[in-house]
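Order of listing sets the numbers, starting from 1, for every ligand and every atom in it. The first residue of the sequence shown is numbered 1, and numbering continues consecutively from there.
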Amino acid sequence: MIKIFQLLGILFLALSVSGCADFSLFKETASSGKTAIAKEGMVVTAHPEASRVGYEILKDGGNSIDAMVGVHFALAVVYPSAGNLGGGGFLMYRENTGEISSLDFREMAPEDAHEDMYLNEEGNVIDGESLYGQKASGVPGSVDGMFTAHERYGSLPLERLIEPAIQLARKGFNITANQAKNYNNLRNRFLENNRNPGTVTLIKDEKWQEGDLLVQEDLARTLTRIKENGRAGFYEGETAELLVAEMKAGNGIITNEDLKNYRSVWREPVTGQYRGYTAYSMAPSSSGGIALIQLLKMSEHFPLQDFGSKTARTIHLMTEMERRVYADRAEHLGDSDFWDVPFTELLSDSYIAGRVNKISMDNATSSEDVRAMELENIAESEETTHYSIIDNEGNAVSLTTTINSAYGSKVFVEGAGFLLNNEMDDFSSKPGVPNVYGLLGGAANSIQPGKRMLSAMTPTILEKDGKLFMVVGTPGGSTIITSVYQTIVNVIDHNMTMSEAVSEKRFHHQWKPDQISIEEGAIDDAVIRELEEMGHRIKRRGSIGKVDAILVRPDGSYEGGADPRGDDWAIGL
Ligand code: DON
């Protein structure tokens with residue numbers, strides 16, 4: 001019986017390549033949905049079509065890195081708000097041998113970038129310049145990242161892995177209701193930021209509706225150049241020429257040399273223990289790993305399980321930890337190729353214990369009274385997307401990628417059909433002036449040519465007793481770190497399943513502004529009142545994060561948890 005269902009599933013999946021996916025049928029015929037349970041592998045991404053591409057690659061005998069490449073290029077087509085060719089990201093990879101590696105394919109500042117590039121003559125930040133238009137973009141890293149990871153770990157030929165994305169772009173796919181809403185809302189931004197709106201596939205005269213077919217021919221041609229010429233199909237030749245022409249048409253500064261010189265970097269992951277589990281996460285140029293490990297190490301000082309999941313005491317303590325961690329982030333974290341990041345000190349047991357000791361059990365600390373770690377203590381001197389994949393050998397991919405805000409700089413490279421990032425806004429344009437996520441920074445994260453802007457992306461892998469336990473990550477700008485932290489605590493301390501942990505409403509504090517942001521309904525009114533009495537300020541907001549994660553269950557099967565906040569989809573095999 002199961003076999004028949006699987007066959008039907010595969011038949012349906014094959015049909016859906018032509019762009020006529022029916023997600024309800026999909027749901028019934030494959031081990032898929034917001035939750036999926038399977039023994040042989042799992043793919044969880046922000047879009048059902050991208051999950052399907054990853055699933056089919058695994059079915060064809062590809063490994064998790066092959067599936068990653070397929071998913072990444074597919075997301076660039078079916079999830080243009082964050083999936084990308086014109087952005088960057090971070091990969092955390094665990095082989096079934098236990099070997100962990102991580103790849104930083106974050107965008108880099110172009111050679112002509114400089115510290116004052118977003119300031120006017122009076123030295124004030126020019127509104128919007130690091131966010132919209134050609135000047136907002138860093139040199140894209142995604143294509144190099146995919147090729148670099150595949151070169152080391154891939155098994156199927158790249159042509160096989162890129163082809164599904166080409167088909168999706170050429171033949172089209174049916175957009176979801178969320179996508180229709182987004183494209184309609186963003187129409188004016190796209191019109192303002194593109195020279196030739198007729199070439200922008202996301203602009204159309206009538207309103208977008210759920211189920212409309214989105215065909216992207218220029219993008220299909222760009223993907224074909226990448227398939228045929230590899231890395232050079234993006235960083236050189238026609239695609240590079242089109243990208244540089246796009247820069248020149250506006251106030252952009254990326255040159256052919258910048259593109260040719262882009263390189264991803266393998267980095268040592270940041271690691272730490274939490275209640276018998278080992279967490280591995282991303283080192284700078286992301287702040288995610290250091291901040292997450294600091295949070296977990298601080299949390300070990302408190303019996304959060306006994307305190308309960310959404311009680312005032314637990315929320316208060318998590319908030320106080322977050323406040324302190326984000327203060328350190330603002331001061332000490334930046335691209336470690338340019339800035340001496342005090343890794344050891346920030347993660348040392350004694351520093352963490354000292355930080356925890358200053359937390360009152362009863363009262364909120366004012367963020368004005370919380371400072372980053374003093375230098376004399378140092379011995380020496382909203383859109384992104386995450387996907388989680390495990391293959392049938394147990395190799396695990398945790399990957400977060402972005403063009404920064406939804407649809408990045410809103411600029412499509414004319415003739416090449418892909419969106420450019422607005423990642424330059426993740427640098428500190430001026431000390432003390434917050435970026436779009438309200439994050440502060442200074443010298444550690446100042447703009448310099450060739451430097452990578454500080455990220456919060458936190459692709460993470462956890463082990464228990466030397467075995468794979470969880471693959472987790474999320475979008476969400478500054479809330480990425482706290483969403484990953486909360487998801488881990490939900491599973492380890494509060495015994496939630498993967499789906500429960502992913503669906504659970506979230507809260508967030510980032511030092512400044514001094515407020516706990518909460519999703520509507522995240523915290524009971526009585527608990528909110530208690531928190532306010534302790535001195536916390538509560539700010540209600542829309543959804544926080546969109547976690548796509550996989551848990552290894554005690555019987556060795558995988559539970560995929562796809563976030564109900566979006567179109568996210570888990571498929572097991
Ligand atoms: O790298 C970062 O931290 C940001 N550029 C991420 C942006 C993001 O997550 C937006 N998504 N909701």
Side-chain angles (χ1 to χ4, degrees), residues 45-47 75 79-84 86-92 102-109 130-132 136-142 145 178 182 186 281-292 325-326 329-330 333-335 382-387 399-410 419-429 434-441 444-445 447 451-460 472-485 506 508 510 517 519 541-548 563 565-568:
T45 84
H47 198 284
L75 282 170
Y79 196 67
S81 60
N84 65 82
F90 300 94
L91 158 70
M92 185 66 45
S102 60
L103 186 67
D104 176 343
F105 57 96
R106 180 75 159 164
E107 298 90 330
M108 294 166 88
S130 61
L131 281 172
Y132 303 111
S137 300
V139 184
S142 279
N178 282 330
N182 270 330
L186 266 286
S281 195
M282 200 60 221
S285 57
S286 182
S287 60
I290 291 182
L292 175 69
V325 164
Y326 278 79
R329 180 195 193 274
L333 302 189
D335 180 352
E382 213 155 322
E383 184 93 18
T384 295
T385 189
H386 177 85
Y387 50 92
L399 192 147
T400 317
T401 182
T402 191
I403 43 179
N404 195 21
S405 321
Y407 308 92
S409 64
K410 319 292 184 273
L419 277 155
L420 285 167
N421 69 80
N422 59 349
E423 217 72 72
M424 293 296 283
D425 189 66
D426 274 353
F427 278 119
S428 171
S429 293
N435 76 354
V436 73
Y437 304 108
L439 290 168
L440 296 168
N445 191 30
I447 304 173
K451 189 172 173 181
R452 294 168 210 257
M453 52 299 281
L454 186 62
S455 173
M457 290 188 270
T458 313
T460 298
V472 57
T474 183
S478 56
T479 68
I480 290 176
I481 299 164
T482 49
S483 297
V484 170
Y485 165 52
R506 295 188 265 267
H508 165 80
Q510 59 179 52
S517 307
E519 288 184 303
R541 55 162 278 179
S543 66
I544 298 181
K546 214 153 62 72
V547 179
D548 284 341
D563 201 309
R565 293 162 182 81
D567 299 322
D568 307 55

May I ask you to check whether [X] has an N/O atom sitting below 3.5 Å from an N/O atom of ligand 1?
X: G476; value: yes
X: S455; value: yes
X: L454; value: no
X: T402; value: no

Residue A456 vicinity, atoms of ligand 1 by number, heavy atom under 4.0 Å
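Result: 1 (O), 2 (C), 3 (O).
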
Is there a donor-acceptor contact under 3.5 Å linking the side chains of R541 and S517?
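R541 vs S517: no donor-acceptor pair found between side chains.
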
Between D425 and Y132: side-chain donor-acceptor atoms closer than 3.5 Å
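Short answer, no.
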
Note, R452 side chain near S286 side chain (heavy atom, < 4.5 Å):
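No, every pair of side-chain atoms sits at 4.5 Å or beyond.
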
4.5 Å side-chain heavy-atom contact, S483 and H508
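The answer is no; the side chains never approach within 4.5 Å.
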
Y485: which residues meet the ring pair (Phe, Tyr, Trp, His ring centres under 6.0 Å) condition with it, sequence neighbours left out?
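Partners of Y485 under the ring pair (Phe, Tyr, Trp, His ring centres under 6.0 Å) test: none.
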
Residue portion contacting ligand 1 (non-hydrogen atoms closer than 4.0 Å) for [X]:
X: I480; answer: side chain
X: D426; answer: side chain
X: E423; answer: side chain

Within-shell test, R106 vs ligand 1, heavy atom, strictly < 4.0 Å
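Right, R106 reaches ligand 1.
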
Under the salt bridge (Lys or Arg N to Asp or Glu O under 4.0 Å) rule, collect the residues that match up with D335, sequence neighbours excluded.
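Partners of D335 by the salt bridge (Lys or Arg N to Asp or Glu O under 4.0 Å) criterion, ordered by chain and then number, come out as R267.
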
What heavy-atom pair brings E383 and K546 nearest, and what distance separates the two atoms?
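The answer is OE2-CE, 4.0 Å.
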
